[in-house]
Amino acid sequence: MESQRHRKRLYSFEFYPPKAPEGVEKLRATWRQLGQLNPAFFSVTYGAGGSTREGTLSTVLEIRDAGYHAAPHVSCIASSRESLREVIAQYKDHGIRHIVALRGDLPSGLAMSGEFRYASELVRFIREETGDWFQIEVACYPECHPQARKPQHDLAAFKAKIDAGANAAITQYFYNADAYFHFVDAVEAMGIDVPIVPGVMPINNFSQLARFSDMCGAEIPRWIRTKLEGFGDDTASIKAFGLDVVTELCDRLLQGGAPGLHFYTMNMAGPSSTIWQRLGL
Ligand code: FAD
């Protein structure tokens, strides 16, 4: 963890582009509230095949025009080279200088391919098209990406993204701090020296969290799962316990040298800002 420890800490919040007008209003209130915490940036997710292309762009521009640093996610699955060229050029034309580059996931049941197979190819393409214009973040997986046949393959895939020109990484969420520390040590042993910021998923709703975790391969440790299940419909207890667990996790990560935190906000300000306050950030 040595190379991580000496970095300036960066805190960021992630949103998804709302579909309905009420969602736009709600998200606006959320980023205005979180903006008071003075984060390094806000990021906005991107649907497979460009399905949220307009929503991601308009959300990023609205946040940026309010004076904050905003970074769009761009995913390459089910997209053509030409459409990605347009998306990237559009962000460059708008003066956006920060991108989170991903392969993306298709909604279940859909089988479509695009011209790029892996995120490393997208990173290389962005560098070829725009040189050093963008700060490029990529994803990484302390508990291993669910489609990787072996952890070593996943580490090699991560290295390929850095070698292609990514500047920093944000992890998939996890509730086991040791997974992060081991991952960072393994990455450093490969000579990779970029900030690896833990992705943090606050706990608000057990069934939603269980569904997400099954899809993305994030483990909910048994002691957390059984406790959450035991609360049944008692949402107040779920939220209170979730805040304790996630605050302790963040505290351990920061004490251990993590170079910041990236919150998966689910477009809500409350849980992330409570954790932030409890950490005394
Ligand atoms: P990759 O790095 O391409 O890896 C995908 C799989 O392929 C891994 O199993 C990897 O080991 C393997 N692999 C990579 N290269 C090779 C190779 N050369 N040979 C063999 N195997 C290889 N999804 C969205 O749709 N939109 C978003 O906005 C979004 N934002 C995200 C933000 C963060 C911080 C994170 C952690 C995830 C996000 N995701 C998003 C989810 C992400 O798209 C999925 O986890 C997806 O399954 C993998 O994306 P990736 O960029 O890590 O892919």
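Atoms within a ligand are numbered from 1 in the order they appear, just like the ligands themselves.
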May I ask you to identify the nearest protein heavy atom to [atom], giving residue, atom name and distance to one decimal place in Å?
atom                    : result
atom 38 (C) of ligand 1 : Leu102 CD2, 3.5 Å
atom 44 (C) of ligand 1 : Asp105 OD2, 3.2 Å
atom 52 (O) of ligand 1 : Tyr141 OH, 2.7 Å
atom 53 (O) of ligand 1 : Arg103 CB, 3.2 Å
atom 30 (N) of ligand 1 : His73 ND1, 3.0 Å
atom 23 (N) of ligand 1 : Gly104 CA, 3.8 Å
atom 22 (C) of ligand 1 : Tyr118 CE2, 3.3 Å
atom 9 (O) of ligand 1  : His145 ND1, 2.8 Å

Q) Does the separation of the ring centres of Tyr91 and Phe134 fall below 6.0 angstrom? A) no

Q.
Can you confirm whether or not the ring centre of Phe125 sits under 6.0 Å from the ring centre of Phe116?
A. yes

Q. Can you find a protein heavy atom closer to atom 25 (O) of ligand 1 than 4.0 Å?
A. yes

Below a 4.0 angstrom heavy-atom separation, can you tell me which part of [X], side chain or backbone, both or neither, approaches ligand 1?
X      : value
Lys161 : side chain
Tyr173 : neither
Phe158 : neither

Q: Under the side chain to side chain contact (heavy atoms under 4.5 Å, CB included) rule, what do Ile275 and Phe263 come out as? Steps first, then yes or no, please.
A: CA-CA 10 Å; Ile275 294 166; Phe263 289 91; 4.0 Å; yes

Contact (N/O only, under 3.5 Å) between [X] and ligand 1:
X      : answer
Thr45  : no
Thr171 : no
Ala48  : no
Asp154 : yes

Which of the atoms in ligand 1, numbered in the order shown and given with their element, are less than 4.0 Å from a heavy-atom of [X]?
X      : result
Ala139 : 35 (C), 36 (C), 52 (O)
Tyr264 : 33 (C), 34 (C), 35 (C), 36 (C)
Gln147 : 9 (O)
Ala148 : 9 (O), 11 (O)
Gln172 : 36 (C)
Ala157 : 10 (C), 11 (O), 13 (N), 14 (C), 15 (N)

Is there a donor-acceptor pair under 3.5 Å between the side chain of [X] and the backbone N or O of [Y]?
X      : Y      : value
Thr171 : Tyr173 : no
Asp154 : Cys144 : no
Asn167 : Ile136 : yes

Q: Enter the distance from Glu137:CD to Leu102:CG here, rounded to the nearest 0.5 Å.
A: 10.0 Å

Q) Atom CG in Leu243, atom CG in Asn204: separation rounded to 0.5 Å? A) 7.5 Å

Q. How are the rings of Trp276 and Tyr11 set relative to one another: parallel (under 30°), tilted (30 to 60°) or perpendicular (over 60°)?
A. perpendicular

Q: Measure up the Trp31 and Phe42 rings against each other and bin them: parallel (under 30°), tilted (30 to 60°), perpendicular (over 60°).
A: tilted

Q) Is it the case that Thr59 and Tyr16 place a side-chain donor and acceptor less than 3.5 Å from each other? A) no

Q. Would you say the side-chain atoms of Thr45 and His73 include a donor-acceptor pair closer than 3.5 Å?
A. no

Q) Between Arg124, Lys92, Arg85, Arg81, which is the residue that forms a salt bridge (charged side-chain N to carboxylate O under 4.0 Å, His left out) with Glu129? A) Arg85

